[in-house]
Amino acid sequence: MKITLYCIGFLKETYWKTACAEYLKRLKPYAEVNIVECPDFPCPEKCSLAEEEAIKDKEGKKVLEKLSPSDYLIALDLHHPECDSPTFSKRLEAAFVKGKSKVSFVIGGSLGLSDELKKRANEFLTFGEMTFPHSLARVMLLEQIYRAFRISRNEPYHK
């Protein structure tokens, strides 16, 4: 099984890098996991809606260039129903069947995802209506993927 996380923006702080490295290490027995970072574009403080859309479009194009047509894409987006960890585990298993053992996730930049990227997504995932830093969302996603594998194999971890 292969998983790719497409992340708009780069991890800068060591503690986020350390947390991601820990979950990547834990995931090795279950799947080949790769992280592809794409540049985020600066947004002026008083950015118009049109400027925001243009920035999201540029960021989205960088991700779309890297995706293959066969990638099963799950986009992180606030505007979709939440699910608990056991449900996510089942959804991930089903995605591997649909994606022929290759599943990709995309975490947008600070402005969210472009419409084109949302249209390309096969399904969506949300961590709730709270706003989290994108660096933390990356760690949370890796942890939930790890938890999903443990749940699907009835291994201790999820309580």
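Quick caveat: nothing in here was measured; it's all calculated off a predicted structure.
Here the straight-line distance linking atom CE of Met1 with atom CD of Glu32 works out to 12.0 Å at 0.5 Å rounding. Lys102 NZ to Lys2 NZ: the interatomic distance, rounded to the nearest 0.5 Å, is 7.0 Å. Rounding to the nearest 0.5 angstrom, the gap separating the CG atom in Asp40 from the SG atom in Cys7 is 11.5 Å. Here Leu92 contributes atom CG and Arg147 contributes atom CZ; the two are 14.0 Å apart, rounded to the nearest 0.5 Å. Taken to the nearest 0.5 Å, the CD atom of Glu93 stands 4.5 Å off from the OG atom of Ser152. Note that the CG atom of Leu27 and the CZ atom of Arg150 stand 10.5 Å from one another [nearest 0.5 Å].
Across Thr126 and Pro81, no two heavy atoms sit closer than the pair CG2-O, 3.4 Å. Taking both residues in full, the closest heavy atoms of Pro44 and Ile55 are given as CD-CD1, 4.5 Å, listed atom of the first, atom of the second, then distance. The two residues Glu52 and Cys43 have their closest heavy-atom pair at CG-SG, 4.3 Å. Across all non-hydrogen atoms, the minimal contact from Ser85 to Gln144 is OG-OE1, 2.7 Å. Nearest heavy-atom pair, Asp71 versus Arg120, reported as atom, atom and distance to 0.1 Å: O-NH2, 2.8 Å. Nearest heavy-atom pair across Ser110 and His134 is CA-CE1, 3.3 Å.
Arg153 and Tyr30 form no side-chain donor-acceptor contact under 3.5 Å, judged by distance and modelled atom types alone.
The aromatic rings of Phe88 and Phe105 are tilted relative to each other, their planes meeting at an angle between 30° and 60°.
Under the 4.5 Å side-chain criterion, counting only non-hydrogen atoms from C-beta, Asn34 is not in contact with Leu5. Side-chain contact between Ile3 and Ile145 is present, with at least one heavy-atom pair separated by less than 4.5 Å. A heavy-atom distance below 4.5 Å is not found between the side chains of Tyr23 and Val33. Looking at Asp115 and Lys56, their side chains never come closer than 4.5 Å, going by heavy atoms from C-beta outward.
Cation-pi contact between Lys98 and Tyr72: absent, since separation from the ring centre below 6.0 Å together with deviation from the ring axis within 45° is not met.
In terms of modelled atom types and a separation under 3.5 Å, the side chain of Ser89 and the main chain of Ala148 share a donor-acceptor contact. Glu59 places a side-chain N or O within donor-acceptor distance of the main-chain N or O of Phe41, the cut-off being under 3.5 Å.
Taking Ser48 as the reference, Glu51 meet the side chain to side chain donor-acceptor pair (under 3.5 Å) condition, with sequence neighbours excluded. Evaluation of the ring-ring contact (aromatic ring centres under 6.0 Å, His included) rule for Phe124 yields His80 as partners, not counting sequence neighbours. Taking the ring-ring contact (aromatic ring centres under 6.0 Å, His included) definition, one finds that Phe96 meets it with nothing, sequence neighbours left out.
A salt bridge links Glu37 and Arg138; the closest N-O separation between the charged side-chain nitrogens and carboxylate oxygens is under 4.0 Å. Salt bridge Lys61/Glu65: absent, no basic N to carboxylate O contact under 4.0 Å.
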side-chain contact (heavy atoms from CB on, under 4.5 Å) assessment of Thr87 paired with Arg91: CA-CA 6 Å; Thr87 302; Arg91 285 177 60 189; 4.3 Å; yes
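One hydrophobic cluster, built from ILVMFWY side chains closer than 4.5 Å, holds both Ile107 and Leu24. Put simply, Met130 and Leu136 are part of the same group of oily side chains (I, L, V, M, F, W, Y) that touch within less than 4.5 Å, one to the next. Ile74 and Leu78 fall into different hydrophobic clusters, defined by Ile, Leu, Val, Met, Phe, Trp and Tyr side-chain heavy atoms under 4.5 Å apart, directly or through other members. The cluster map of Ile, Leu, Val, Met, Phe, Trp and Tyr, joined by side-chain heavy atoms under 4.5 Å apart, puts Leu125 and Phe132 in the same cluster.
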Distance-only donor-acceptor hits, side chain of residues 10-22, under 3.5 Å, sequence neighbours excluded:
from, atom 1, to, atom 2, distance (Å)
Thr18, OG1, Thr14, O, 2.9
Glu22, OE1, Lys25, NZ, 3.4
Glu22, OE2, Arg26, NE, 2.9

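Applying the under-4.5 Å side-chain rule to Ile, Leu, Val, Met, Phe, Trp and Tyr, the cluster around Val97 consists of that residue alone. Here Leu113 is tied into one hydrophobic group with Tyr6, Ile8, Val36, Val63, Leu64, Leu67, Leu73, Val106, Leu117, each link being a pair of ILVMFWY side chains closer than 4.5 Å.
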